[in-house]
Trainee: 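The structure's right below; bear with me while I get my questions together.
Starting from 1, each residue takes its place in the sequence as its number. This one's a predicted model, so the numbers in the text were calculated from it and none came from an experiment. We use all heavy atoms of the structure for the numbers below, so side chains are in, but hydrogens, waters and symmetry mates are not.
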Amino acid sequence: MTTAATRPSPRDVDPLALPDVLRPAIEAQRAEIESQRRLPSELVATLRASGAFRIFTPREYGGFESTLTDMVTVLEAIGHIDASVVWTMWNGNLGFFAVWLRDAGVAKIWDAQPDPIIVNSTRLTGSATPAEDGYTLSGRWDIVTGVDAADWIALFALVPPPGGSDDSEHPEVRVFCVPRDAVTVVDTWHVGGMRGTGSNSVVVDELFVPTELTNDVFAPFRIDRPLYRIPAFTLASTGGAGAVLGIARAAVDEIVELAGTKITEIGTPLGHGEHVQDAIGRAEAALRSARLLLAAATGAIDDAAAAGDPITEAMRAELRAAMSNAGEISRTVLTSMYELGGSSSLYTGNRLEQLFRDGLAGTQHGILGRAQFALAGRVRLGLDPQSPIF
């Protein structure tokens, strides 16, 4: 049994230093990440030991308890190093469950592994029925990033209204935490981009989940500190925006390096072309603006949380718009850099080829989609956001 004395101690290192600390290990295993279609176990152990999955974990459990802004900053820098690693880190940073679940559920998770990796799927493709002291869960969830690295998996499912009610339009949405060895993992992740995330499918059939390992998706945190005044879904959903900005910036860096060595058909260095200079200048400006907008949105939420002020619907809508903007800008920059690379972009030996595949795969995530702009627009117009979770 794990006690407070045997839990990982709070990190002495600044979480913002994680990218520099982890860079050598990530770069050394980049080829294996791609070929194995998941993070190698050795790299997972390195990430775990560094605290990479404890950015939102409370201090009592050895976590950084970082701000939302710091989380995005760290993930942007990790995205610059490797896309599959950052995507796995993003999906596996659910350490805030230690102060979100009931005490009995927290004990089951943290006593079994003092530094647990919890990944999640927010897809509402499961169903659960109430049972004595818990629920019976069934369903299939696709694209569960990092499932092979996980100790626990948090799955979203619908619970029908009690008492046989016909009110099927208003089912309850709950999160169910299940051990990795209690699910069936189906090897479905055969893809072009983000190959190394191991985002396979998970199947559960009539699995009993005790009440203490579930929670209403809208439940507040059990303690009152700045980070935990921010809604859980906001904490869990924001990191992907920073990740894709980091991937796109890496693509710009690759073109800048290529521009000094590649000779064009007319015998001049690639970087001497005015169209190349223009594209790089535009990319730099676009990425900087997207980064500043995202930082402003997360910073406003962090500031409100620190002051004990409400995290308003308007703040969260502005964050969603900033996240979608980051996705759109990253997509544009990645495409522009791929075009500038010409035939060099086609070869797997050129890092730009992988960055393009991985980055575009990342921007396909629904949380970064263009449809999120409409949500922000509805809130600005005083209309129903048409999304209970944002």
Side-chain angles (χ1 to χ4, degrees), residues 56 66-73 75-76 90-91 93-94 96 100 120-125 154 156 158 167 169-175 215-221 224-245 248 286-332 362-390:
F56 283 154
S66 295
T67 64
L68 186 61
T69 301
D70 279 358
M71 171 63 144
V72 171
T73 301
L75 291 185
E76 180 182 357
W90 172 35
N91 201 50
N93 257 286
L94 296 182
F96 57 77
W100 190 61
N120 79 102
S121 172
T122 59
R123 291 169 176 252
L124 283 172
T125 52
F156 280 47
L158 298 173
D167 188 15
E169 293 184 3
H170 300 91
E172 181 185 9
V173 179
R174 291 191 74 85
V175 179
N215 209 357
D216 185 300
V217 73
F218 301 110
F221 288 103
D224 183 26
R225 290 205 296 262
L227 179 64
Y228 307 119
R229 294 169 187 156
I230 301 173
F233 193 81
T234 300
L235 294 182
S237 66
T238 306
V244 295
L245 288 174
L287 288 174
R288 287 175 184 270
S289 66
R291 185 184 193 185
L292 288 170
L293 182 64
L294 183 61
T298 60
I301 290 175
D302 284 332
D303 289 346
D309 296 333
I311 310 299
T312 66
E313 197 173 71
M315 288 178 182
R316 287 178 284 136
E318 288 170 6
L319 175 58
R320 276 297 182 91
M323 290 162 60
S324 293
N325 181 66
E328 190 167 82
I329 292 297
S330 297
R331 188 180 302 111
T332 299
T363 61
Q364 288 291 94
H365 197 294
I367 204 71
L368 303 175
R370 293 185 176 95
Q372 304 295 336
F373 282 118
L375 183 154
R378 287 191 293 272
V379 171
R380 182 67 180 85
L381 290 165
L383 304 173
D384 186 335
Q386 298 180 15
S387 174
I389 307 172
F390 76 96

Trainee: Which atom pair, heavy atoms only, marks the closest approach of P226 to A305?
Mentor: O-CB, 3.1 Å
Trainee: Should the pair H365 and W90 be assigned to parallel (<30°), tilted (30 to 60°) or perpendicular (>60°) ring geometry?
Mentor: tilted
Trainee: Can you spot which of T234, V379, T238 makes a side-chain contact (heavy atoms from CB on, under 4.5 Å) with R316?
Mentor: T234
Trainee: Which pair of non-hydrogen atoms, one from W100 and one from D216, has the smallest distance, and what is that distance?
Mentor: CZ2-O, 3.3 Å
Trainee: Is the shortest side-chain heavy-atom distance between F233 and T122 below 4.5 Å?
Mentor: yes
Trainee: Would you call R378 and D384 a salt bridge, using N to O less than 4.0 angstrom?
Mentor: no
Trainee: Considering only heavy atoms from C-beta outward, does the side chain of T298 approach that of T67 to under 4.5 Å?
Mentor: no
Trainee: Within this structure, what is the CG-CZ distance for the pair N120 and F156, rounded to the nearest 0.5 Å?
Mentor: 6.0 Å
Trainee: Any heavy-atom pair between the side chains of M323 and Q372 that's under 4.5 Å?
Mentor: no
Trainee: Is the distance between the ring centroids of F221 and F96 under 6.0 Å?
Mentor: yes
Trainee: Do E328 and L368 come close enough that some side-chain heavy atom pair is under 4.5 Å?
Mentor: no
Trainee: Work out which heavy atom in A290 is nearest to a heavy atom in A326; give both atom names and the distance.
Mentor: CB-CA, 4.3 Å
Trainee: Give a yes or no on whether the backbone of G369 and the side-chain of S324 come within a donor-acceptor separation of less than 3.5 Å.
Mentor: yes
Trainee: Closest heavy-atom contact between T69 and G299?
Mentor: OG1-N, 3.4 Å
Trainee: Working to the nearest 0.5 Å, report the span between CZ of R229 and CD1 of I311.
Mentor: 9.0 Å
Trainee: So for atom CZ, which belongs to R288, do other residues, nucleotides or ligands contribute more than 12 heavy atoms lying within a distance under 6.0 Å?
Mentor: no
Trainee: Output the distance between atom CD1 (I230) and atom CD1 (I301), rounded to the nearest 0.5 Å.
Mentor: 6.5 Å
